[in-house]
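Got a structure here, written out as structure tokens. Questions coming.
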Amino acid sequence: MARYIGFHRPNRPLALYAGAFAVFLYLPILFIPLFSFNAGVYVKFPLEGFTLAWYADLFQREPLQRAFWNSVQVAAVVSLSSTVLAVPAAMAIARYRMPGKRAAVSFIMLPLVLPGLILGVALLTVLNGLGVRLSLVTVALGHMVICLPYAISVLLPRFIGFSRSLEEASADLGESPWWTFLRVTLPCNMPGVLACLLMTFTISFDEFFMAFFLSGTEPTLPMYIWSQLRFPQDFPSLLALSTLILVASFAMVFASLKLGRVGLAPAGERR
Amino acid sequence: MTAMALTQRPASVLSRLLHRHEACRGWLLLAPALCLMLVAILFPLGSTLVMSTWSLDGYSVDRTPTLGNYSAMLGQPMFGALIGRSLVVATIATVVTVALCYPMAYFVAFHVHRHKALWLILLTLPFWTSYLLRVFAWKVVLGYEGVLNTALIGLGIVQEPLAALLYSQTAVTLVLAHSWAAFAILPIYVSLEKIDRSYIEAAADLGDGLTRRFWRITFPLSLPGVVAAFFMMFVPTVGDYITPAMVGGPDGMMVGNLIQAMFGPMNNWPAGAALSVVMMLTIGLAGLAFLAVGRLVGR
Amino acid sequence: MISLRNVCKSFGRMQVVNDVSLEIAAGEFFSLLGASGSGKTTLLRMIAGFEAVTSGQILIDGQPMQDTPPHLRPINMVFQNYAIFPHLTVRDNIAYGLRRLGTPKAEQARMVDAMLELIALPGYGDRRAHQLSGGQMQRVALARALILKPKLLLLDEPLGALDKQLREQMQIELRSLQRQLGITFVLVTHDQEEALTLSDRVAVMANGQVIQVDTPSGLYDRPKTRQVAAFVGTMNFFDATVRTDGSARIADVAGLGVMTLNGSGQGRTDGERVLVALRPEGLGLSRTKPEGPAYAVAGQLQARQYLGGRQLLHVQVAGRAAPVTVAAGAARGEDPWSGDEGSPVWLTWAPDAVTILDPT
């Protein structure tokens, strides 16, 4: 007698498909670390033995290190400033009834769907018109425009899920809005704010379109990689560099996505 | 005593005003972000528009307004062909991606119970990491002497490297699908997750089998998410230029590459600006079309 | 102490509170009673300052407060979900409002200890919100507000989330706490029993308006409208028409026959349609036709609800669709109407148990 195994019974073909999908998603990326340890100069099978030479080579490249620090500086400034702007914006969107809110929010979220190329070119024309010299500052400006919508969308679910009565209780107990923010809103939403910082840091660190158009003589790390892609003999070193960037990015984004869910109801428990 | 201390401190005019008008408080909080976006989006787009009416006079820029750039574009079939190809490539890539992502989103929404959050993170993680590096990875995989070709030869499946793998429209579609998968999965997943399970149970109760349940209940209810996924992915892919530049070859070139070239090596900014205006309009029209479809589906 | 003058609130086009005027005296336990959507919570939130008034005035000790933000009002509140700060311990929760007052640390600790004592939770100071039961959170929320010695304490359905037994116990504690401290309490509730048990006075709200303000017994015995009568306790309503018979004003009551009006019924005019209201306790039941001057009408016992110390009997009478509900006490060990469903009975009532209301 067949046992009834429930209404939502497992679907084996679908599970296989999901597995294949995950492989498709990760396999190409996994070749980067794989070949970064390969002794051969050419990226092809069969593998020619294990080496760490390509990683050692990275430390010989002075321009690379400069580009790395440029990227770190830009990303740090961008993540801090876009989070500082995004926190009040997300609070306003989550809390207040205000006419015209939908239009304002759609406008702020525009860079999510606007091609980076168009934004980059457009910013370039205006900066050029104003006579602003391209530098890391202009790159940071461009990155803030890109990061702000992401920052808001990371924070928004937290503020929507955050019980408003906690802030009201604080006001009721005599704390001003500013102290309420410091004593209740911020500590209670710290995981979300950290997630936002990590996410925007990674986006800025990895961003290419804006940097391509807006950086002056000082390249960011993705710009450096782009410029080296022309030279096949540099491929293995780029693979080593890419591996390091990927590992760091994955770790930060993973932490960010995990943090973003702390304290929120797990998706699977809703029915 | 406390009470006395409280009442003796009068509220300032500003805080009284803000108390009275909730919307004021909201706008005040939203203002910094909104200002940045106004300055950093509207000004640049406006200046692009203005620059598109300038013209190139030798090596200097002539600022007298003219529609010369636009008429030149109409005169050259190359531009139309390039825009048409960009739309076609983006559409194909979007359709393929949405079709591939739907079952995945369905799987997570309906068949994953314990580690839902982990699956979602797993599926979106690559999206957040460097776009450039992901495309680079594909170049490594698809190259003439790349991973795939050498592996196929090593296994004796083919004798010669397959040249078609890299530098083709197929390669561009494949790489775009891979890059933007997360953008397509999330909206579909959200719309599937929102479906009240009791509708499906009711359909089963009324005698519908698995397949009929899906086509009669689940799929129609998830359509808004599908439309959103289309939109979210189509718009940025039309304007992409990294993917075509790295894996597209001459056949895979898209309008973004030309814009980039005009602001770069060709050094014809006014023409580049005009081309990005045209591209924006194209995307805007496509966006409106999606919106209209979304409205229709939503009803 | 606190006066509301023509307070109105609308969200967009929806009028939620409509021209409410109230005077609440110092030291009073005052309740706002109403079904959900009656505007009672919005009214409370306007007093606390979380919602701005659309028009009207809120005065506390004669000072207009309607434009003062909540943190500058001498008012504290116990929230419906208690709003205990999850990232702080019980001690820090209770001491939360003291920071702004600049109370020295040692003094703060002493005050918090006194509060923990007052709410009977000594030794719970280092716990966090998620380690507390509903009743304990409720006490912490109370302590957190009371430590600031407010002039006015607002309570938004504070007992709604507790189970029945705990709720009754907390009602007693709340009432004695209020007596002991002499602070004005304003309670919002949809539970009429709670409002009647706790309050000195109750304002019944419906559709954004206050329809009656009275003491609990006043509300129960002298409801002014059908709505109040129906909302507070159980009530039997009978349609009736007034006429004059000789010198007496009498009424033809559907189901009860002819009845002489006195008290509130005297002022009615001939031919006026009125509503005769009778509490289940105002009615009696006997197996045989009773002797004496009391009114009586024959009926049939239709159903019985046994409730322990008392029971409700539903009697069908001629000329009326719905059965009449009668309350009967029961001495220990007795169940006088057991097995009598379907048998003929007599309904009796005294004329002064009757309330005459407008039909709508």
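Proteins come first, then strands; the chains are lettered A, B, ... in the order of their sequence lines, and each starts at number 1. All figures in this text were calculated on a predicted structure; none of them were measured in a lab.
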Contact class of C/Ile84 relative to chain A, heavy atoms under 4.5 angstrom =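 The backbone, not the side chain.
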
Smallest separation among heavy atoms of A/Leu166 and C/Phe85, with atom names =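 Looks like O-CE2, 3.2 Å.
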
Without placing hydrogens or testing angles, list every side-chain donor-acceptor pair under 3.5 Å for residues 70-94 of chain A, not counting sequence neighbours.
from: A/Asn70; atom 1: ND2; to: A/Arg66; atom 2: O; distance (Å): 3.4
from: A/Asn70; atom 1: ND2; to: A/Glu218; atom 2: OE1; distance (Å): 2.9
from: A/Asn70; atom 1: ND2; to: A/Pro219; atom 2: O; distance (Å): 2.9
from: A/Ser71; atom 1: OG; to: A/Leu221; atom 2: N; distance (Å): 2.8
from: A/Ser79; atom 1: OG; to: A/Ala75; atom 2: O; distance (Å): 3.3
from: A/Ser79; atom 1: OG; to: A/Ala76; atom 2: O; distance (Å): 3.2
from: A/Ser81; atom 1: OG; to: A/Val77; atom 2: O; distance (Å): 2.7
from: A/Ser81; atom 1: OG; to: A/Val78; atom 2: O; distance (Å): 3.4
from: A/Ser82; atom 1: OG; to: A/Val78; atom 2: O; distance (Å): 2.6
from: A/Thr83; atom 1: OG1; to: A/Ser79; atom 2: O; distance (Å): 2.6

When the 4.5 angstrom heavy-atom criterion is applied to C/Phe79 and chain A, the contacting part is side chain

Considering only heavy-atom distances, could you tabulate the donor-acceptor pairs under 3.5 Å between chain A and chain C?
from: A/Arg97; atom 1: NH2; to: C/Glu51; atom 2: OE1; distance (Å): 3.2
from: A/Ser165; atom 1: OG; to: C/Asn81; atom 2: OD1; distance (Å): 3.3
from: A/Ser165; atom 1: OG; to: C/Asn81; atom 2: ND2; distance (Å): 3.2
from: A/Glu168; atom 1: OE1; to: C/Arg45; atom 2: NH1; distance (Å): 2.9
from: A/Glu168; atom 1: OE2; to: C/Arg45; atom 2: NH1; distance (Å): 3.3
from: A/Glu168; atom 1: OE2; to: C/Arg45; atom 2: NH2; distance (Å): 2.6
from: A/Ser170; atom 1: OG; to: C/Tyr96; atom 2: OH; distance (Å): 2.7
from: A/Asp172; atom 1: O; to: C/Asn76; atom 2: ND2; distance (Å): 2.7
from: A/Asp172; atom 1: OD2; to: C/Met77; atom 2: N; distance (Å): 2.6
from: A/Gly174; atom 1: O; to: C/Arg100; atom 2: NE; distance (Å): 2.7
from: A/Glu175; atom 1: OE1; to: C/Arg99; atom 2: NH2; distance (Å): 2.7
from: A/Glu175; atom 1: OE2; to: C/Arg99; atom 2: NE; distance (Å): 2.6
from: A/Glu175; atom 1: OE2; to: C/Arg99; atom 2: NH2; distance (Å): 3.2
from: A/Arg183; atom 1: O; to: C/His87; atom 2: NE2; distance (Å): 2.8
from: A/Arg183; atom 1: NH1; to: C/Tyr96; atom 2: O; distance (Å): 3.0

